[in-house]
Amino acid sequence: MAAKLGGRSLSGLRSRGAPDDLDVTHEINVTPFIDVMLVLLIIFMVAAPLATVDIGVDLPATAAEPAPRPDQPIFVTVKPDLSIAVGEDVVARDGLGSSLDAATKGRKDERIYLRADKAVSYGDLMDVMNTLRNAGYLKVALVGLDGRS
């Protein structure tokens with residue numbers, strides 16, 4: 001709460017008491033509030049980059065065996081011209097389900113390995129994945145090159 005020194009009130013009239021009476025003003029002094037906020041802003045600006053430092057962690061090795069790759073994996077390939085091949089045979093998009101049924105001998109739980117050229121858009125790849133799902137093949141593995149050198 002702030003006080004005004006002197007004998008004059010806010011309205012400019014003389015107060016009734018002695019000239020050294022304190023009158024209460026109804027204004028909030030926001031200067032200390034702004035100062036505190038600026039100091040906090042500076043503290044957070046300095047502390048935020050320090051909180052994002054990477055920490056090196058040496059993770060333990062796993063004893064789990066990698067999943068065995070089947071002897072004859074079934075590859076579905078989407079070429080740059082958006083043609084689809086099952087193995088080495090090019091098939092029509094509407095005949096993809098029947099070609100996979102022939103390749104898997106009707107086993108819908110067989111894993112299908114899907115690979116696509118870099119030029120194939122994400123939407124086109126999703127269309128092929130939806131076609132596989134509609135055909136009943138829910139185990140789809142995406143194939144990519146190992147980028148580690």
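In this text, all values refer to a predicted model and were calculated from it rather than measured experimentally.
Each of V30 and V39 belongs to its own hydrophobic cluster when Ile, Leu, Val, Met, Phe, Trp and Tyr are linked at side-chain heavy-atom distances under 4.5 angstrom. Follow the hydrophobic side-chain contacts under 4.5 Å out from Y137 and you never reach F75; the two are in separate clusters. Residue F33 is not grouped with residue L41 when hydrophobic side chains (ILVMFWY) are merged at heavy-atom distances under 4.5 angstrom, including chains of intermediate members. The hydrophobic clustering, which links ILVMFWY residues whose side-chain heavy atoms are closer than 4.5 Å, places I74 and V78 together. Residues Y122 and V143 are members of separate hydrophobic clusters, defined by side-chain heavy-atom contacts under 4.5 angstrom among Ile, Leu, Val, Met, Phe, Trp and Tyr.
For the pair V90/K79, a side-chain contact is recorded, criterion being any heavy-atom separation below 4.5 Å from C-beta on. Side-chain contact between L100 and E110 is absent, with no heavy atoms from C-beta onward closer than 4.5 Å. A 4.5 Å side-chain heavy-atom check between Y113 and V140 finds every atom pair outside the cut-off. R115 has its side chain out of reach of L142: every pair of non-hydrogen atoms, C-beta onward, lies at least 4.5 Å apart. I84 places a side-chain heavy atom less than 4.5 Å from the side chain of V128.
Tested against T31, the residues D35, I34, I28 include a single side-chain contact (heavy atoms from CB on, under 4.5 Å) partner, D35.
K108 and D101 are joined by a salt bridge, as a carboxylate oxygen and a charged side-chain nitrogen come within less than 4.0 angstrom of each other.
Here the closest non-hydrogen pair linking D117 and A119 is OD2-N, 2.9 Å. In plain terms, the two heavy atoms of P80 and V120 that are nearest each other are CA-CG2, 4.3 Å. In terms of heavy-atom proximity, S121 sits nearest to D124 at OG-OD2, 3.0 Å.
Taken from CE in M129 to CG in L138, the straight-line distance is 10.5 Å, to the nearest 0.5 Å. T104 contributes atom OG1, which lies 8.5 Å from atom CG of D109 (distance to the nearest 0.5 angstrom). Summarising the geometry, atom CG belonging to L82 is positioned 9.0 Å from atom CG belonging to D127; distances are rounded to the nearest 0.5 Å.
Within 6.0 Å of CG on L40 lie more than 12 heavy atoms contributed by other residues, nucleotides or ligands.
Side-chain contact check for T131 and N134: no donor-acceptor pair (N or O, by modelled atom type) lies under 3.5 Å.
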